Visitor: 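Here it is, the structure in full.
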Amino acid sequence: MSPRELPIYELEGAVIETVRGCGRLIVQAPTGSGKSTQIPQMLWRHGVLGEKGEVVVLQPRRLAARLLAKRVAEEAGTNLGEGVGYQIRLESRISERTRIRFVTEGILLRQMSFDPGLPGVSAIVFDEFHERHLYGDISLARALQLQQSTRPDLKIIVMSATLDAGALKNYLAPCEVLTSQGRSFPVAIEYWSKPVNFEHEPVWEVAAEACERVAESTTGDMLVFMPGGYEIARTVQAIQGARGLRGFVCFPLHGELPPEQQDRAVARYEARKIIVSTNVAETSLTIDGVTAVIDSGLARIARFDPHRGINTLLVEKISAASADQRAGRAGRTAPGIAVRLWTEREHGQRALQELPEVKRLDLAEVVLTLKASGVDDVANFPWLEKPEAKGLDRAEELLADLGALAGERRAISELGRKMLRFPMHPRYARMFLAAQERGCVRPVALMAALTQGRNFLLRGVGKDVERAREDLLGEEHESDFFLLMRAWRFAEKNNFSLDACRRLGIHAQAARQVGPLFEQFLQIAGDEGLDIAEGRIDGVEVRKCVLAGFSDQLAKRLDGGTLRCELVHQRRGVLARESAVQKAPLLVAAEINEVGGRGGEVNVLLALATAVEEAWLKEIFPDDFKDTRGVSYDESIRRVVSRRERRFRDLVLETKVSSDEAPLDAAAALLTKEVLAGRLKLEAWDEAVEQWITRVNRLAEWFPELEVNPVTPADRATLIEQVCYGELGYRDIKDKPVMPVLRDWLTAEQLAVIDLYLPERLTMANGRRSKITYHDEGSPVLSARIQELYGIEGKFTVGNGRVPVKIEVLAPNQRPIQVTDDLTAFWRDMYPKVKAELSRRYPRHEWR
DNA sequence: GAGCACTGC
């Protein structure tokens with residue numbers, strides 16, 4: 001088909017006329033109308049661009065920018081990079097003669113920051129504007145400002161498939177709206193007849209049922225939308241178990257999947273295919289041959305909570321517009337059908353559009369660019385949609401904290417201007433500047449590069465991969481950044497070979513993109529006069545840089561037995577279990593994410609952690625401590641806290657208490673003695689950790705005479721805890737260079753725990769929710785003891801016993817004896833007994 | 001036995 005036959009050509013005359021006339025235009029046209037390829041060419045052909053001017057076409061994705069440029073270059077009969085070119089991060093195919101330039105959103109925003117007048121640009125086309133990305137919104141606002149001030153000749157065209165044109169039209173007024181038809185096939189929408197509660201009826205089962213139903217009435221492939229990897233895996237399982245879907249092949253598809261598996265999902269097959277996918281298939285990836293879409297109506301949606309200063313990623317209901325976009329995927333090659341797993345009535349209650357990013361994400365970076373362009377009062381910037389006041393506040397607060405803003409008006413500082421040169425979140429830009437002072441620009445550049453794109457160190461890998469990582473990358477306790485660095489170096493050394501990468505669970509494609517970014521950052525750092533020479537890397541200095549960028553994400557471990565942490569500003573979180581920093585009492589988390597669990601509970605996860613030391617705070621933020629010389633520690637902290645209410649409150653004071661006086665160690669040891677003597681049930685430890693700490697603190701206070709130093713207090717308490725919680729098995733101890741006395745002591749303690757623990761747990765296990773877990777390596781001590789006590793032969797392991805505690809046993813006849821239960825319920829029953837026992841033993845205290 | 005969508009400078 002000739003491009004001239006595309007529906008958009010019906011609008012050619014009107015487009016040119018409007019653009020010439022008022023200079024602002026909204027084009028509303030669905031996929032397949034040809035707007036992205038043809039409108040830029042129309043502008044060029046009709047001389048709208050003037051003698052030498054160019055049209056910049058904004059694209060939300062790199063791939064789209066590249067592909068569109070290629071196609072338009074062909075159509076226009078020029079070489080790519082000559083008349084038509086593209087520019088994305090780290091890749092530029094343009095020349096002096098380029099008249100149509102496809103760019104991604106960040107490129108234009110940066111060009112606006114450093115060359116605000118946009119010389120040579122005659123027109124800007126905002127494509128796929130309905131996606132409402134942060135940079136798109138800001139760029140449009142700035143383009144309008146520019147047109148109203150020094151560049152009245154600048155043409156602005158906003159294009160979108162679905163759009164609330166009313167609000168946009170007012171924003172752009174005076175402007176015209178032109179509407180065109182698309183070239184896709186009709187898609188019949190079917191709603192579920194009755195409401196489904198996914199808590200009772202899992203979404204994957206309903207989806208599989210829908211697939212079976214649709215399989216008979218259609219002939220093409222099917223695409224199922226699910227919110228994430230877990231739901232996708234369950235859906236694939238359900239589909240593979242469904243009778244009516246035996247002839248189908250079924251593939252998962254999501255962003256973290258290795259490329260070869262993604263290819264497998266997209267490939268063509270003889271058999272009919274079902275793809276179960278996340279939102280990647282909604283916009284970023286098109287799949288041919290799909291004639292039926294099954295839509296769960298759910299997605300994991302990222303937000304930034306400006307009140308707590310943390311990111312959230314929770315499952316939510318998608319908007320009507322998003323559902324339409326998903327449905328449209330069934331009509332690309334033939335008429336199709338879309339089944340929605342919700343009722344028509346429920347549909348009417350859904351949001352029309354997704355909330356734009358500007359109302360949803362961390363604004364620190366864009367606020368910095370606005371400040372740089374002289375917008376001191378960001379609240380009164382002409383936003384298309386104004387972000388929450390708290391979001392702007394939070395952004396300014398962080399920037400001020402990082403030193404990028406200064407004075408009462410919070411105008412950009414010299415430091416802020418320097419930070420702006422670095423194309424990344426201001427936190428990382430700040431780390432570069434700290435790195436210059438500490439002689440570690442290179443490693444910081446690598447760290448920034450490592451965290452820019454997709455996470456390349458895959459999570460949830462198997463035991464083998466974990467072991468390979470340990471073997472090949474070595475032990476790491478100080479920072480997850482260091483582990484990432486080593487993993488990347490490994491991949492680089494192996495030329496990003498798929499085999500080598502797979503062995504360590506490295507996403508080769510994602511890792512490959514780090515190198516060029518690293519080079520770019522070094523280049524920029526060099527241009528800014530930073531010292532980028534290679535040298536010996538001092539880990540301490542690097543970690544101090546992390547603290548400089550993330551001081552407000554300082555966290556303290558609440559105890560040694562769990563991963564729970566307390567953060568600055570009265571926040572709580574749980575350290576990621578895959579973190580390398582499992583021992584440090586004080587750490588900085590570069591990523592904080594609230595995510596939903598399978599049971600519907602929500603966790604704040606602290607990831608990308610770096611161990612830090614309290615003494616560094618004073619060194620890195622000397623201003624906060626400057627008039628505290630010669631006063632006591634507590635007094636100096638008090639002064640700092642009153643000056644900087646937010647930053648170090650509570651946290652530092654508490655760290656001091658626990659490191660200097662160690663009441664927890666003493667109390668943990670005391671409680672352990674109670675457990676071992678049979679007076680206190682181990683489970684009593686397992687309720688909320690806060691309560692536990694309160695209790696043990698009180699115990700320590702009451703029994704100062706207690707002696708707890710046979711090895712070292714910290715080691716001892718931690719070890720007791722770990723053994724009792726089952727985090728440490730015999731295997732963990734036997735290879736460690738601990739003193740023989742410690743080894744004996746631990747073995748004895750383990751035995752005691754089993755004696756106390758196992759009989760009761762076994763009887764409780766019957767009929768409770770239980771799962772079978774296979775452990776290839778058991779503890780010989782446990783095995784021997786269990787055999788002696790119960791006559792069961794096999795490999796036994798005290799399972800990973802964060803709350804709740806459990807013991808897993810696999811007998812040689814493959815019959816599992818698995819113990820897991822809800823200790824909260826158990827504790828409710830147990831606590832009065834413990835209390836009675838403690839009251840009997842320690843009558844002088846009142847137990848609560 | 002868990003805890004994570006997608007882009008982009």
Side-chain angles (χ1 to χ4, degrees), chain A residues 58-65 87-91 103-114 128 131-136 138-139 225-232 253-256 277-285 298-303 311-316 318 322 354 357 361 365-366 368-369 420-426 428-429 448-449 452-455 458-460 513 517 520-521 524 563 573-579 591-599 601-607 769-775 799-804 806 808 818 820:
Chain A
L58 217 57
Q59 286 297 326
R61 276 164 289 279
R62 295 180 192 161
L63 188 67
Q87 209 176 356
I88 60 182
R89 184 173 215 168
L90 304 175
E91 208 177 307
V103 304
T104 38
E105 291 164 327
I107 297 272
L108 180 66
L109 191 64
R110 292 197 74 73
Q111 194 185 346
M112 284 177 151
S113 289
F114 298 117
E128 310 280 358
E131 293 190 21
R132 297 297 305 276
H133 289 178
L134 189 49
Y135 292 174
I138 303 282
S139 306
F225 282 102
M226 283 287 154
Y230 173 67
E231 293 84 358
I232 287 174
L253 178 64
H254 55 88
E256 261 208 4
S277 173
T278 58
N279 261 350
V280 263
E282 186 180 312
T283 48
S284 310
L285 227 146
L298 303 173
R300 282 199 167 73
I301 300 199
R303 296 173 189 278
N311 293 309
T312 63
L313 184 63
L314 302 170
V315 175
E316 297 183 25
I318 60 169
S322 177
E354 235 58 67
E357 281 187 357
L361 300 183
E365 198 177 349
V366 294
L368 186 63
T369 68
L420 194 70
R421 305 303 304 194
F422 295 88
M424 57 191 70
H425 193 283
Y428 285 95
Q452 281 283 317
R454 160 165 292 138
N455 170 31
L458 300 177
R459 284 173 287 109
Q513 286 163 7
L517 216 49
Q520 187 202 25
F521 291 167
I524 292 168
L563 294 168
V574 188
L575 181 63
R577 9 167 210 279
E578 71 272 12
S579 175
E591 272 174 18
I592 306 180
N593 261 312
E594 185 172 63
V595 297
R598 280 156 209 193
E601 80 283 6
V602 165
N603 282 313
V604 176
L605 297 179
L606 310 182
R769 66 193 166 96
S770 63
K771 281 262 162 74
I772 303 160
T773 312
Y774 175 65
H775 287 267
N800 176 348
R802 280 183 283 275
V803 190
K806 68 159 193 275
E808 294 163 348
Q818 153 74 36
T820 304

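Every heavy atom of this structure was used, including side-chain atoms; hydrogens, water molecules and symmetry mates were not. This one's a predicted model, so the numbers in the text were calculated from it and none came from an experiment. Just so it is clear: chains get the letters A, B, ... in the order the sequence lines come, proteins before strands, and each one is counted from 1.
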Visitor: Give the nucleotide from the list B/dC9, B/dG3, B/dT7 with an atom nearest to the side chain of A/Arg61.
Guide: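 Of the candidates, B/dT7 comes closest.
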Visitor: Looking for any heavy atom pair under 4.0 Å, which part of the strands does A/Glu594 touch: base, sugar-phosphate only, or nothing?
Guide: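 If one applies the 4.0 Å heavy-atom cut-off, A/Glu594 turns out to touch nothing in the nucleic acid.
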Visitor: Verify the contact: side-chain N or O of A/Arg89 to OP1 or OP2 of B/dT7, cut-off strictly under 4.0 Å; return yes or no.
Guide: no
Visitor: Would you classify A/Glu131 as touching base, sugar-phosphate or nothing, given that sugar-phosphate means primed atoms plus P, OP1 and OP2, and contacts are heavy atoms under 4.0 Å?
Guide: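 Answer is nothing: A/Glu131 stays at 4.0 Å or more from every strand.
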Visitor: Return no unless some side-chain N or O of A/Thr104 is found under 4.0 Å from OP1 or OP2 of B/dC9.
Guide: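 So the side-chain polar atoms of A/Thr104 do come within 4.0 Å of the phosphate oxygens OP1 or OP2 of B/dC9, strictly under.
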Visitor: Under 4.0 Å, heavy atoms only, any strand: does A/Ile88 hit a base, just the sugar-phosphate, or nothing?
Guide: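 If one applies the 4.0 Å heavy-atom cut-off, A/Ile88 turns out to touch the sugar-phosphate alone, with no base involved.
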Visitor: Looking only at non-hydrogen atoms, find the nearest pair between A/Arg89 and A/Pro423 and report the distance.
Guide: NH2-O, 2.9 Å
Visitor: Rounded to the nearest Å, what distance is computed from the CD atom of residue A/Glu91 to the P atom of nucleotide B/dG8?
Guide: 12 Å
Visitor: Just checking A/Ile107: base, sugar-phosphate only, or nothing, at a heavy-atom cut-off of under 4.0 Å?
Guide: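 Sugar-phosphate only.
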Visitor: In whole Å, I'd like the distance from the NE2 atom of A/His254 to the C1' atom of B/dT7.
Guide: 17 Å
Visitor: Rounding to an integer number of Å, can you tell me how far A/Ile138 CD1 sits from B/dC9 C1'?
Guide: 14 Å
Visitor: At their closest point, which heavy atom of A/Leu298 faces which heavy atom of A/Val315, and how far apart are they?
Guide: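 Smallest interatomic distance, heavy atoms only, reads CB-CG1, 4.0 Å.
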Visitor: Between A/Thr278 and B/dC6, is there a contact of a side-chain N or O with OP1 or OP2 at under 4.0 Å?
Guide: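 Indeed, a polar side-chain atom of A/Thr278 lies that close.
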Visitor: At 4.0 Å (heavy atoms only), tell me whether A/Gly453 reaches a base, stays on the sugar-phosphate, or touches nothing.
Guide: nothing
Visitor: With a cut-off of less than 4.0 Å, is there a side-chain N or O of A/Arg110 near OP1 or OP2 of B/dC9?
Guide: no
Visitor: Name the nucleic acid region contacted by A/Arg459, choosing base, sugar-phosphate or nothing; use a 4.0 angstrom heavy-atom cut-off, strictly under.
Guide: base
Visitor: How many Å lie between CG on A/Leu314 and P on B/dA5, as a whole number?
Guide: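 The answer, rounded to whole Å, is 11 Å.
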Visitor: Let's see if you can work this out: which of B/dG3, B/dC9, B/dC4 has an atom nearest to the side-chain heavy atoms of A/Ala576?
Guide: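 Between B/dG3, B/dC9, B/dC4, the one nearest the side chain of A/Ala576 would be B/dG3.
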Visitor: Should the side chain of A/Gln87 and the base of B/dC9 be counted as holding a donor-acceptor pair, with the cut-off at 3.5 Å?
Guide: no
Visitor: Could you work out which one of B/dC4, B/dT7, B/dC9 sits closest to the side chain of A/Arg454?
Guide: B/dT7
Visitor: Check every strand shown and say whether A/Leu109 touches a base, only sugar-phosphate, or nothing at a heavy-atom separation below 4.0 Å.
Guide: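 No contact at all - A/Leu109 keeps every heavy atom at 4.0 Å or more from the nucleic acid.
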Visitor: Classify the nucleic acid contact of A/Asn603 as base, sugar-phosphate or nothing, counting any heavy atom under 4.0 Å across all strands shown.
Guide: sugar-phosphate
Visitor: Rounding to a whole Å, what distance do you find between A/Gln452:CD and B/dT7:P?
Guide: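 That distance rounds to 15 Å.
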Visitor: In whole angstrom, give the distance that lies between atom CG of A/Leu253 and atom P of B/dC6.
Guide: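 Those two atoms, CG and P, are 9 Å apart.
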Visitor: Work out which heavy atom in A/Ser139 is nearest to a heavy atom in A/Leu109; give both atom names and the distance.
Guide: OG-CD1, 3.8 Å
Visitor: For A/Tyr428, what residues pass the ring pair (Phe, Tyr, Trp, His ring centres under 6.0 Å) criterion, not counting sequence neighbours?
Guide: A/Phe550
Visitor: If you look at every strand shown and take non-hydrogen atoms under 4.0 Å, does A/Glu282 touch a base, only sugar-phosphate, or nothing?
Guide: nothing
Visitor: Looking at every strand, decide which applies to A/Ala302 at a 4.0 Å heavy-atom threshold: base, sugar-phosphate, or nothing.
Guide: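 The residue A/Ala302 makes base contact.
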Visitor: Could you tell me how far apart A/Ile318 (CD1) and B/dC6 (C1') are, to the nearest whole angstrom?
Guide: 14 Å
Visitor: Report the distance from atom CE of A/Met226 to atom CZ of A/Arg300, rounding to the nearest 0.5 Å.
Guide: 11.0 Å
Visitor: Using heavy-atom distances to pick each residue's nearest nucleotide on DNA chain B, tell me which of A/Gly229 and A/Gln520 is more 5'.
Guide: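 Looking at the nearest nucleotide for each, A/Gly229 comes out on the 5' side.
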Visitor: If you assign A/Met424 and A/Pro227 each to the DNA chain B nucleotide with the nearest heavy atom, which residue ends up on the more 5' nucleotide?
Guide: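 Comparing both residues, the 5'-ward one is A/Pro227.
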Visitor: Across the strands shown, which category fits A/His133 at heavy-atom distances under 4.0 angstrom: base, sugar-phosphate, nothing?
Guide: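 Touches nothing.
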Visitor: Classify the side-chain pair A/Glu282/A/Ser322 by whether it contains a donor and acceptor separated by less than 3.5 Å.
Guide: yes
Visitor: Would you kindly give the CD-to-P distance between A/Gln513 and B/dC9, to the nearest whole Å?
Guide: 10 Å
Visitor: In chain order, what residues pass the side-chain hydrogen bond (donor to acceptor under 3.5 Å, both in side chains) check against A/Glu594, with sequence neighbours excluded?
Guide: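 side-chain hydrogen bond (donor to acceptor under 3.5 Å, both in side chains) check on A/Glu594 returns A/Arg308.
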